[in-house]
Amino acid sequence: MHDTIPSRSGALAVAREQGRAIVAVLPYHYPRALLRAHRCHPIEVWGPPFEPGDLGALHFQAYTCGIVVKATSFLVREGFDRVDAVLVPHGCDALQGMGSVLGDFVAPTPPVLTFYPPRRARPADRAYLVEEIRALGRRLAEVSGHTPDEADWAEALAAEEAADAALADLYHRRGRLDVDDRRFYEVVRAREYLTAEDFTALAASLPEHDGAPDADGDVGLLLSGIVAEPLDLFDRLRAMGARVVADDLATGWRRVYPPSTLADPYERLADRLLAAPPDPTLGAPLDARAGLLVERLRASGARGLLIYDVTFCEPELFAVPVLRERVTAAGFGVLHVEHELGTTLPNQTLTRIEAFVETLR
Amino acid sequence: MTVAALGIDAGSTTCKAVAVDADGHSVGWRLESALPRVEAQTDALLVALALELGAADGVPVVATGYGRKLVRAATRDVTEITCHARGVFADLGTGGTLVDIGGQDAKVIRIDERGRPVDFAMNDKCAAGTGRFLEYTADRLHVPLDDLGPRSLAAPRAEHISSTCTVFAESEIVSLIAQGADVDEILLGLHRSLVSRIVAMVRGVGLTPPLLLSGGVARNDAIRELLGRETGQPVRLPSAPQLMGAYGAALLALELTR
């Protein structure tokens with residue numbers, strides 16, 4: 001097993017050595033193989049959590065989520081100097097606002113690209129998405145100076161789909177893995193910035209238990225939300241006698257895209273994005289999402305759903321009342337907590353979570 | 001009288017310890033204002049109570065409250081949600097919906113027929129809806145804490161305080177004073193404001209009767225009266241509302257011996 005996981009800066013240096021253009025990508029659905037085929041490498045920007053929000057706060061209302069505010073601060077302070085382009089998928093209104101602010105007002109040297117995934121999966125949405133991916137490809141070709149040929153596409157699709165399969169396999173093997181939750185999510189989140197081949201090797205290196213895993217009577221939780229920061233959360237959960245047995249995180253299971261058999265690369269990428277697990281930023285019906293969460297709670301042995309949201313995360317917060325109602329009706333406990341990105345875990349938040357775990361024993 | 005277990009509630013405003021016998025009956029307690037050094041204070045409090053009651057060494061101790069992780073003598077620590085539920089259930093012999101208003105947070109806990117918390121809500125991000133809200137505004141109006149309830153209930157009408165935020169409420173108080181408003185009517189408005197916040201939390205969790213009230217603020221008659229009026233439910237208080245966390249902790253400590 002890899003003892004240390006390369007940092008984002010380390011991954012950026014590796015990609016540069018490979019002659020790839022660096023694209024800073026905001027959360028969180030985008031056609032990754034498209035970037036690779038165009039000799040670009042995505043480094044996702046999820047804050048960073050401990051970045052001061054001062055420069056971003058100049059552009060946004062006080063009720064804008066910390067990911068957008070801090071990411072804007074980071075890009076303005078140093079990020080723009082380190083990348084060749086910025087890609088802002090329209091995951092929510094805050095991200096859409098960020099794309100506009102960066103492109104129209106900050107106007108940095110690296111181009112700001114936007115990407116709008118449709119909110120439904122009707123034939124018209126599919127056709128639109130294929131065109132949107134083609135349009136993004138043309139912009140990427142301008143960034144890297146490379147237009148992919150058939151061999152580029154074959155290589156890019158094979159590498160990225162292998163990495164996606166490795167991510168899916170991590171979830172499949174989860175119960176057998178001999179790593180704690182913190183390590184599991186450190187590896188899962190490395191998909192945000194490692195090259196496909198490095199991620200695939202890292203994921204495959206996680207060891208499995210020799211015998212049956214020892215759960216120690218821990219309370220199993222299904223963790224939902226956008227991003228589980230800080231990672232100390234997992235240490236604290238363990239100390240409370242709880243563990244995460246499944247997740248519905250935007251930085252995790254929501255990006256386990258199913259494979260596609262379509263031959264055309266643009267259609268194949270669109271097909272996979274549209275088949276993503278139910279996700280509020282892709283307009284998935286709440287009913288389908290709630291139903292699947294209940295199924296996954298049952299299948300994973302989780303006793304409760306912990307919804308751990310970044311403060312002011314609008315697409316997540318809209319869903320909470322319905323999820324709470326449906327999951328509670330199915331006999332599972334639900335706790336919703338909001339966390340200010342970039343702060344240490346407040347004692348009050350930990351007390352709520354600990355009390356929740358106690359109610360599930 | 002033999003002490004079988006101890007519970008300690010290291011709260012944000014007060015520190016409480018309760019001793020129980022083998023039947024789970026309270027046999028002694030101590031309460032003092034919270035000090036910044038939680039470790040030293042809880043050590044001293046437990047020693048004092050044990051000496052007073054002649055408790056043997058090695059009696060199990062469960063700690064609760066915001067400082068629970070810092071209690072060196074604790075055999076185990078348990079959150080105040082579980083401890084309050086357990087304490088109130090044992091004291092009143094019923095589950096229901098418990099409102100606990102402490103110094104720095106307010107909790108609404110739904111307790112099942114076995115005394116277990118099954119759902120809860122906490123207001124812990126600011127002083128709104130907590131004892132601190134009343135303490136702060138009482139100080140601003142130069143009214144002793146113990147007079148808050150009686151004076152509020154004696155007011156013929158309430159001034160309207162729209163904010164549940166302590167800081168914004170103070171701005172409203174300053175404006176009302178400047179307009180010559182009666183202090184008691186301001187006080188009644190403040191109590192209504194706090195209760196409206198609590199009732200919103202009760203509705204969030206869902207009110208399963210009976211409605212129970214604990215925590216230091218339960219000593220305030222106006223809160224109890226207004227809570228009953230707003231919810232349409234009679235409010236029941238345990239015998240020692242401020243000690244329920246520590247009492248519940250002691251009962252959980254007692255379970256460790258079985």
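The sequence lines fix the lettering, A, B, ..., with proteins before strands; numbering per chain opens at 1.
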Quiz item: Under a 4.5 Å heavy-atom cut-off, does chain A meet the side chain of Tyr66(B), its backbone, both or neither?
Solution: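 Both backbone and side chain.
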Practice problem: Under 4.5 Å heavy-atom distance to chain A, tell me which part of Lys107(B) shows up: side chain, backbone, both or neither. | Solution: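 When you check distances to chain A, no heavy atom of Lys107(B) falls under 4.5 Å.
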If you count the non-hydrogen atoms of other residues, nucleotides and ligands that lie under 6.0 Å from [atom1] in [X], is the total more than 12?
X         : atom1 : value
Arg219(B) : CZ    : no
Arg236(A) : CZ    : no
Phe50(A)  : CZ    : yes
Glu255(B) : CD    : yes
Arg37(B)  : CZ    : no

Exercise. Kindly compute the distance separating CG (Asp105(B)) from CG (Asn347(A)), expressed to the nearest 0.5 Å.
Key: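 Separation between the atoms: 10.5 Å.
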Exercise. Supply the atom-to-atom distance Asp119(B) CG to Arg324(A) CZ, rounded to the nearest 0.5 angstrom.
Key: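 Taking CG in Asp119(B) and CZ in Arg324(A), the distance rounds to 6.0 Å.
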Self-check item: Nearest heavy atoms of Thr79(B) and Glu358(A), plus distance in Å
Solution: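 Residues Thr79(B) and Glu358(A), closest heavy atoms: OG1-OE1, 2.5 Å.
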Quiz item: When Glu354(A) is tested against each of Ile81(B), Val78(B), Asp77(B) for side-chain contact (heavy atoms from CB on, under 4.5 Å), which residue passes?
Solution: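 Of all the options given, the one that passes is Asp77(B).
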Self-check item: Between Arg68(B) and Thr351(A), a side-chain donor and acceptor under 3.5 Å
Solution: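 Yes.
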